[in-house]
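Okay, so here's the structure we're looking at.
This chain uses plain numbering: 1 for the first residue, then up along the sequence. Atom set for the values below is all heavy atoms of this structure, side chains included, hydrogens, waters and symmetry mates excluded.
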Amino acid sequence: MKHHLVSAADLTRDDAVLILDTAEELSRVAGRPIKKLPTLRGRTVVNLFFEDSTRTRISFEAAAKRLSADVINFSAKGSSVSKGESLKDTALTLQAMGADAVVIRHHDSGAPHRLATSGWIGGHVVNAGDGTHEHPTQALLDAFALRRRLADGALGADLAGRRVTIVGDILHSRVARSNVRLLTTLGAEVTVVAPPTLVPVGVESWPCAVSYDLDAVLPDSDAVMMLRVQRERMNAAYFPTEREYARRYGLDGERMARMPEHAVVMHPGPMNRGMEITAEVADSPRCTVVEQVSAGVDVRMAVLYLLLGGAGPGDEEPKGATPRGAEATRGNRA
């Protein structure tokens, strides 16, 4: 892997499969009485969050702690940022404290790239979501959950030939942008579905198809990913009413029944039940929302392991090998 993970576009197919395979090995740790590996002992991971988050922040914290890293949680609220401190000065402070990796979520698109390329910090940078730009680890955990459902989590497998439909607020969704890039890299055929007002300008350059008719694409979809409408990023009326949006682009039991029997329903969360997804669908066995949360810890463990503790020149452990400490888990399960 490269020194940083800022965009899903940074990953080749082999990079992505390596992360998914490593996550599959690390997922065995969750079944142990003590969910810890010594891999990152002595390393410091800083969660630098300028936006509110529940799943992503807790997931990264759990991932780092399960690898025995020291974790520092930084929230913009109540910090010097609220007093006007710049990203540069915050980064220099973290560098002076010896941060080995910085997991950053920021409301401005491009902030993680700036942090990674500015020279302000020498550690690894992981993008945990920046504005409406990207969220690469979310795309990785979605691919992980998909591979488990559609390919039984087979090591070395990709998503070649699978058809994934992403529905909802594409315009403001960093999840959609990262998923389009990553799923396409893994061989999937991606279609985005949204009202014309929620489709970004320039979408024709994305490696995906575009549709405005949800009912037309459901019968051919192996997975349907629903996105919430991000009202906090909207400064205009993008559709007449919530009821009208739900009628045209919401997934209910009737629409789910039109999907192939093996097809799954995904959602990155948080869900707006009754709008983009009904309670019937959200609570269905075909919905992978809880699996995605669990996958988030496994995938983020894999990313931190490969960036901070994976093999490099002179390391004893070959790249892509079973992480130290996981061998015992495999033996116990056997």
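Side-chain contact annotation: S7 with D10, donor-acceptor N/O pair under 3.5 Å absent. R148 and S27 share a donor-acceptor pair across their side chains, judged by distance under 3.5 Å alone.
Between the side chain of D169 and the backbone N or O of H172 there is at least one donor-acceptor pair closer than 3.5 Å. At distances below 3.5 Å, at least one donor-acceptor pair connects side-chain atoms of T22 with backbone N or O atoms of L18. Side-chain atoms of Y249 come within 3.5 Å of backbone N or O of Y212 as a donor-acceptor pair. The closest donor-acceptor contact from the side chain of R162 to the backbone of L150 lies under 3.5 Å. The backbone N or O of L307 sits less than 3.5 Å from a side-chain atom of H124, completing a donor-acceptor pair. A distance-only check finds a donor-acceptor pair linking the side chain of S59 to the backbone of G296 [under 3.5 Å]. Under the 3.5 Å distance criterion, the side-chain polar atoms of D213 are matched with a main-chain donor or acceptor of D215. A donor-acceptor pair under 3.5 Å links the side-chain atoms of Q95 to the main chain of G122, judged by distance alone.
At least one cation-pi condition fails for R105 and F49: the charged atom is not both under 6.0 angstrom from the six-membered ring centre and inside a 45 degree cone around its axis.
H135 approaches V175 most closely through the heavy-atom pair CD2-CG2, 4.3 Å. The minimum heavy-atom distance linking S109 with G131 is given by the pair OG-CA, 3.7 Å. Residues A8 and P136 come closest through the heavy atom pair N-CB, 3.8 Å. Minimum interatomic distance between V281 and C287 (heavy atoms only, all atoms of both residues): O-CB, 3.4 Å. For the pair K36 and S68, the tightest heavy-atom approach, listed with the atom from each and the gap, is CD-OG, 3.9 Å. When all heavy atoms of A9 and R181 are compared, the pair lying nearest together is CB-CD, 3.8 Å.
Using a 4.5 Å cut-off between side-chain heavy atoms of Ile, Leu, Val, Met, Phe, Trp and Tyr, with links allowed through other members, F60 and V293 fall into different hydrophobic clusters. Hydrophobic clustering keeps I58 apart from V126 (ILVMFWY residues linked when any side-chain heavy atoms are closer than 4.5 Å, directly or through intermediates). Under a hydrophobic clustering in which Ile, Leu, Val, Met, Phe, Trp and Tyr are joined whenever their side-chain heavy atoms come within less than 4.5 Å, directly or via other members, V6 and L87 fall into different clusters. A single hydrophobic cluster is not seen to contain both V71 and Y305; linkage of ILVMFWY side chains at heavy-atom distances under 4.5 Å, directly or through other members, places them apart. Cluster annotation: M225 is connected to V289 through the hydrophobic network of ILVMFWY side chains, with a link wherever side-chain heavy atoms come within less than 4.5 Å.
Residues satisfying the side-chain contact (heavy atoms from CB on, under 4.5 Å) test with T184, not counting sequence neighbours, are V180, V190, P207. Every residue meeting the side-chain hydrogen bond (donor to acceptor under 3.5 Å, both in side chains) condition with E61, not counting sequence neighbours, appears here in chain and number order: K65, N73. Taking the side-chain contact (heavy atoms from CB on, under 4.5 Å) definition, one finds that A62 meets it with V297, sequence neighbours left out.
Counting heavy atoms from C-beta on, the side chains of R255 and V224 never come closer than 4.5 Å. Using a 4.5 Å heavy-atom cutoff, the side chains of V103 and T137 are not in contact. Side-chain contact check for P200 versus R177: some heavy-atom pair is nearer than 4.5 Å. Side-chain contact check for M275 versus Y245: some heavy-atom pair is nearer than 4.5 Å. Looking only at side-chain heavy atoms (C-beta outward), V265 and L251 come within less than 4.5 Å of each other. Side-chain contact check for R228 versus P270: some heavy-atom pair is nearer than 4.5 Å. Here the side chains of R147 and E24 are in contact, with some heavy-atom distance below 4.5 Å. Contact annotation: the side chain of L11 approaches that of L5 to within less than 4.5 Å [non-hydrogen atoms, C-beta and beyond].
Atom NZ of K88 has 12 or fewer heavy atoms from other residues, nucleotides or ligands within 6.0 Å. The environment of CZ in R286 is crowded: more than 12 heavy-atom neighbours from other residues, nucleotides or ligands sit within 6.0 Å. Applying the 6.0 Å contact sphere to CZ of R258 captures more than 12 heavy atoms from other residues, nucleotides or ligands.
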Tell me, with the steps shown, if N179 and V164 meet side-chain contact (heavy atoms from CB on, under 4.5 Å). CA-CA 10 Å; N179 264 298; V164 181; over 6 Å; no
Which is it for F239 and L198 under the side-chain contact (heavy atoms from CB on, under 4.5 Å) test, yes or no, and what are the steps along the way? CA-CA 9 Å; F239 47 84; L198 290 177; 4.2 Å; yes
Verdict with reasoning, L67 to L37, per side-chain contact (heavy atoms from CB on, under 4.5 Å): CA-CA 5 Å; L67 293 171; L37 295 176; 4.2 Å; yes
Please assess H133 against H113 for the test side-chain contact (heavy atoms from CB on, under 4.5 Å), listing each intermediate value before the final yes or no. CA-CA 11 Å; H133 179 228; H113 180 267; over 6 Å; no
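Between R174 and D130 no salt bridge is recorded (no basic side-chain N to carboxylate O distance below 4.0 Å).
To the nearest 0.5 Å, atom OG of residue S86 and atom CH2 of residue W120 are 7.0 Å apart. For the atom pair CG of D142 and CD1 of I166, the computed distance is 8.5 Å after rounding to the nearest 0.5 Å. Note: L40 CG to L308 CG = 5.5 Å, rounded to the nearest 0.5 Å. How far OG1 of T191 is from CG of L214: 11.0 Å, rounded to the nearest 0.5 Å. Considering CZ of R13 and CG of L159, their distance stands at 9.5 Å, rounded to 0.5 Å. Rounded to the nearest 0.5 angstrom, M266 CE and M226 CE are separated by 13.0 Å.
Results of the side-chain contact (heavy atoms from CB on, under 4.5 Å) test with L146 over L183, D222, T288 single out L183 as the only residue that passes.
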